[in-house]
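Just below is one structure, and these are the notes that go with it.
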Amino acid sequence: MLEKTFDPKTVEPRLYAQWEASGAFAPTDDPNAEPFSIVIPPPNVTGSLHIGHALNNTLQDVLIRFERMRGKAALWLPGTDHAGIATQMVVERQLAAEGNVGRRDLGRDEFVAKVWEWKAKSGGTIVNQLRRLGASCDWSRERFTLDDGLSAAVRKVFVQLYREQLIYRDKRLVNWDPFFQTAISDLEVEQKEVDGHYWHLAYPLEDGSGEIVVATTRPETMLGDAAVAVHPDDERYRGLVGKNVRLPIVGRLIPIVADDYADPEKGSGAVKITPAHDFNDFQVGKRHKLPQINILDPFARVNENAPEAYRGLDRFVARKKVVEAFEALGLLRGIEKTRHMVPHGDRSGVVIEPYLTDQWYVDAHTLAQPAIKAVEEGDTVFEPRNWEKTYFEWLRNIEPWCISRQLWWGHRIPAWYGPDGHIFVAESEGEVKAAARERYGRDEPLAQDEDVLDTWFSSGLWPFSTLGWPEETSDLKRFYPTHTLVTGFDIIFFWVARMMMMGLHFQDRVPFKRVFINALIRDEKGQKMSKSKGNVMDPLELVDAYGCDALRFTLTAMSGQARDIKLSRQRIEGYRNFGTKLWNAARFCQMNECLRVEGFDPGAVGQTLNRWIRGETVKTAHEVTRALEACAFDDAANALYRFIWNVFCDWHLELAKPILNGDDEAAKAETRATTAWVLDVILKLLHPVTPFITEELWDKLAEFGGPPRAAGEAQLITARWPDLPLAWIDVDAESEIGLIVGAVGEGRSVRSELNVPPSARPHLIVVDASAEQQAIFQANAAVIASTLRVGGVRFEAAAPHGAIAFVVDGATLALPVAEFIDLSAEKARLAKEVGVLAADVERTAKKLGNPDFVARAKEEVVEETRERLAEAEAAKAKLEAALRRLVAAD
RNA sequence: GGGCGGCUAGCUCAGUUGGUCAGAGCACCUGGUUUACACCCAGGGGGUCGGGGGUUCGAGCCCCUCGCCGCCCACCA
């Protein structure tokens, strides 16, 4: 016997181990099976599972389990990302906490060794947490972005792109993070609005004839000014172009140049130009061949290019000092408060400096073109489709991608420098040495580039590097391109676009056919979850509290294609209850010996109830299949919820009770077998979403009786997905059950409305019904008696005095309960019902009276409307008759 | 400045190509020891579908416009 309740805590670990041990997570080796692959968005090794991961991975698991059951060679390839900056930061912090040593004290090799140590110890956390979600990844194929194979892929890609001149070295302004002392890409910069000032600074003209005023939010950059620009058409400054100003504090003479970049509408119309510290000024500087004066060191302290008094000062200290100096010189012309956008490092949180350095760049523009085309042509489809616009927008305006990072944790750039500065790029040091020998005629010392690659460079190769590339592996052949990528919109640029570029360039085919963009989870108030707000929901804590299935079902049901999911515990509790409901339904089946029958053919059942539930099951199976094929996860979950609770439990099991408790042995046997069959189908359909409870019931129900499961169906995880014929939908059974459900539903409603005591057991009187309807009522008297809680069904020409009358499918029914009810209340009720129907009749008649409607609307709509009118009129007439009798009797 | 979402019952949201589409869950109210289930059963109240205009025989659903709310990108000396 099944236990009274489902106990996730003991079942989940047991079943997960059982699945894994059975090899169910690996793709079938059946060579005829169609491949279906998903690569996991590799979580950072530093991470721990948050609710966003829970959603993202649940959806992937739903897809994989679904396709696995459909007989495909389903591969969900797991792994983790080395997460350059994030991991380096974690280990540096740990070092600092332990013994106050910095990474520079340790030296590069020792530090990197420390990070690997940390990875060995803590890097498995998130992966183990994924198991607790029930994720059916093929762990035998787990990869890490820094493992040997993936590192080889990275080197090969770098070298090839370099040889194709799609990777190059360039000196230009980068986004510099002074906290980490590294360059970062545009995407790693967050613009934040902060309070600031405009300082209006006066620069005296060289000839003493006056001054020119410029405004700036970063006064310290004036130490690196190379010019003042004015618009060529600006009358105010026409005479000044070509003259020099003497830069205060610094004393340097700088020219006044005419450039369109200066906007006469802004400030004074004159703008200071600092080519080495501002992206726009850099361009202006190039046009006018201005010197690029870098005044900051990597820590954003003022360097030796500035006057002595400023050297070594932090940029913000220098800012203050520059302003003070201008004030002292009498050259400060004003200060305005302002709120403006300032770039910040997304990891460090500090203000980013545009900084002039040599870095490695990818020619993203060239790589982007095929990536754009592939989506335009539908080789890869975004779901929802709208995100394609975002994707296009970014790729069409893409800038060179800065891929070098001045960090130690990551893929070291495979470039070496000779004594003459010549750059050697090759996959191995051996090749480099050979090339150097050839160039110099002897062995010369070579220095490898100190930098590592942007983490996203290796992530961009993930869909093929994980499958073994650059080796020509059978996995690569079989599983590339992958089928669906499930990810969040926040990394469309960082990751999706880069995989598209790299996949197309190196495999000539898109890396995935479909990209499903999942929503972002927020708390119940719609706030983004964050540690500082304290509104973080820990998925593992939720799993502990409600069970994994409850969390998974909740996330699936709420994964509609909107942008946000507002998650609340209450919601999860509701879906936990759903699991309990299913569990109890299974217990009911077991108690009533609803066991599977060898060779049972659902297509051959004769009982109306069984033909009906068979059809409902077929409809549900088709809806769930359609929904999962379309990534409409919420539709699948909702269809199952409704079917299981509101159809199977509320009606089928209730209507089955009289049969199961009756003495028609043939009907009983058929109903038991049918019910067992429906339960089996339910477990299958539900398994991708709630794998644990369904597998547990599947296993337990087999244990407790019935013939052995079919071959290959010993475990639900690898059982066959139901593919049921639509011909099993039986419209006659539907209308019969519809009549019963309608009569019972309406009967319950009127009983409750008129406060008939629950203990009362009147008969249901069928007053006026067609011959078929009478037959149905006759045949289902027992069922009606138990569900409507009446003594039985009787057929009479007229309702007894004082009976409650109601109309179902055109049939007049009555409940003789005069002794319990207030007749005036019944009169009022009838009058109200008549009123409602009268309004409906009037509205519908008016519509039909409109010649335009009859002439222009589709024929079937007009016909439908006519039928509706006829039905409403008939029902109204019957209730009016009932009302008249009631009044007349008084 | 450009783009994308959203605004439907107290709350969270469904509403496929315009024609019972005004729905669900939760919350609330009223009943209930019906031998699967109180994590349950039965019943019930509640919304002029953000405002305005238009197209149409007919509009949450299409068009225009306005208003909020949110996000992304770019930029502001």
| said: Please determine whether a side-chain nitrogen or oxygen atom of A/W387 lies at a distance below 4.0 Å from atom OP1 or OP2 of B/G3. | reply: no
| task | Would you kindly check if the NZ (Lys) or CZ (Arg) of A/R385 is within the cone defined by 45 degrees around the ring axis of A/F382 and under 6.0 Å from the six-membered ring centre? | result | no
| query | So what does A/A855 hit on the nucleic acid, given a heavy-atom distance under 4.0 Å: a base, only sugar-phosphate, or nothing? | reply | nothing
| task | Look at the rings of A/W394 and A/F493 and say which category their plane angle falls in: under 30° parallel, 30 to 60° tilted, over 60° perpendicular. | result | parallel
| query | Which is true for A/W199 with a 4.0 Å heavy-atom rule: it touches a base, it touches only sugar-phosphate, or it touches nothing? | reply | nothing
| remark: Closest to the side chain of A/F493, out of B/C72, B/U20, B/G43, is B/C72
| said: Give me the distance, rounded to whole Å, that separates B/G19 from B/C26 when you measure between the P atoms they each carry. | reply: 28 Å
| request: Look at all strands and tell whether A/R868 reaches a base, only sugar-phosphate, or nothing, counting heavy atoms closer than 4.0 Å. | output: base
| query | With a non-hydrogen cut-off below 4.0 angstrom, is A/T580 in contact with a base, only sugar-phosphate, or nothing? | reply | base
| query | Which residue lies toward the 5' end of RNA chain B, A/Q191 or A/E864, if each is placed at its nearest nucleotide? | reply | A/E864
| said: By the 4.0 Å heavy-atom rule, please label A/K4 as base, sugar-phosphate, or nothing. | reply: sugar-phosphate
| said: For A/H200 and A/E336, which I'm curious about, is there any donor-acceptor pair between the side chains at under 3.5 Å? | reply: yes
| task | Whole angstrom is fine here: how far is it from CG in A/N584 over to P in B/U34? | result | 15 Å
| request: Report the distance from atom CG of A/D635 to atom C1' of B/G23, rounded to the nearest whole Å. | output: 14 Å
| field | A/N280 vs B/C76: side-chain N/O to OP1/OP2 distance below 4.0 Å | value | yes
| task | Measure distances between side-chain N and O atoms of A/E393 and base N and O atoms of B/A74, and say whether any donor-acceptor pair falls under 3.5 Å. | result | no
| Rounded distance in Å - CD (A/E265) to C1' (B/C75) | 16 Å
| A/A857 has a side chain; which of B/C57, B/C71, B/U12 sits nearest to it? | B/C57
| task | Look at the rings of A/W199 and A/H197 and say which category their plane angle falls in: under 30° parallel, 30 to 60° tilted, over 60° perpendicular. | result | tilted
| request: Return yes if a side-chain donor-acceptor contact under 3.5 Å exists between A/D259 and A/H288, otherwise no. | output: yes
| note | In whole angstroms, the gap separating P of B/C73 from CG of A/D186 amounts to 11 Å
| query | Do any side-chain nitrogens or oxygens of A/S752 fall under 4.0 Å of OP1 or OP2 in B/G44? | reply | no
| said: Over 60° means perpendicular and under 30° means parallel, so tell me whether A/W645 and A/F578 are parallel, tilted or perpendicular. | reply: parallel
| field | B/C39 base / A/R576 side chain donor-acceptor hit below 3.5 Å | value | yes
| field | Side chain of A/Y261 - closest among B/A36, B/G44, B/C76 | value | B/C76
| said: At 4.0 Å (heavy atoms only), tell me whether A/C589 reaches a base, stays on the sugar-phosphate, or touches nothing. | reply: nothing
| query | Whole Å only: how far is the CZ atom of A/R587 from the C1' atom of B/U35? | reply | 11 Å
| note | Result for 5'-nearest mapping on RNA chain B, choosing between A/T5 and A/T217, is A/T5
| message | Any non-hydrogen side-chain atom of A/N584 less than 4.5 Å from a side-chain atom of A/R587? | response | yes
| Where does B/G15 land, syn or anti, once you apply the within-90°-of-0 test for syn? | anti
| task | Mind checking A/R789 for me? I need base, sugar-phosphate or nothing, with any heavy atom below 4.0 Å counting as a touch. | result | base
| Is there a side-chain polar atom (N or O) of A/K657 under 4.0 Å from OP1 or OP2 of B/A36? | yes
| said: Tell me if the CD atom of A/E842 is crowded by more than 12 foreign heavy atoms within 6.0 Å. | reply: no
| task | Mind calculating the distance between CZ (A/F648) and P (B/A36) to the nearest angstrom? | result | 13 Å
| query | Rounded to the Å, how far apart are A/W394 CH2 and B/G3 C1'? | reply | 16 Å
| remark: Looking only at B/A27, B/U12, B/C71, the nucleotide nearest the A/Q570 side chain is B/A27
| message | Is A/K389 close enough to B/C4 that one of its side-chain N or O atoms is under 4.0 Å from OP1 or OP2 there? | response | yes
| Between B/C76, B/G32, B/G19, which nucleotide has the shortest distance from any of its atoms to the side chain of A/P758? | B/G32
| said: Starting the side chain at C-beta, find the nucleotide from B/G5, B/C76, B/C57 nearest to A/K266. | reply: B/C76
| field | Polar side-chain contact A/K581-B/C37 base: donor and acceptor under 3.5 Å | value | yes
| query | Looking at B/C76, B/G25, B/C39, which one has an atom nearest to any side-chain atom of A/Y198? | reply | B/C76
| Between B/A42, B/C39, B/G44, which nucleotide gets closest to the side-chain atoms of A/D650? | B/A42
| said: Whole angstroms only, please: what is the CG-C1' distance between A/N397 and B/C75? | reply: 14 Å
| said: Any base atoms under 4.0 Å from A/R571, or only sugar-phosphate, or nothing? Heavy atoms, all strands. | reply: base
| query | Which one, B/U12, B/A24, B/C37, comes nearest to the side chain of A/R642? | reply | B/A24
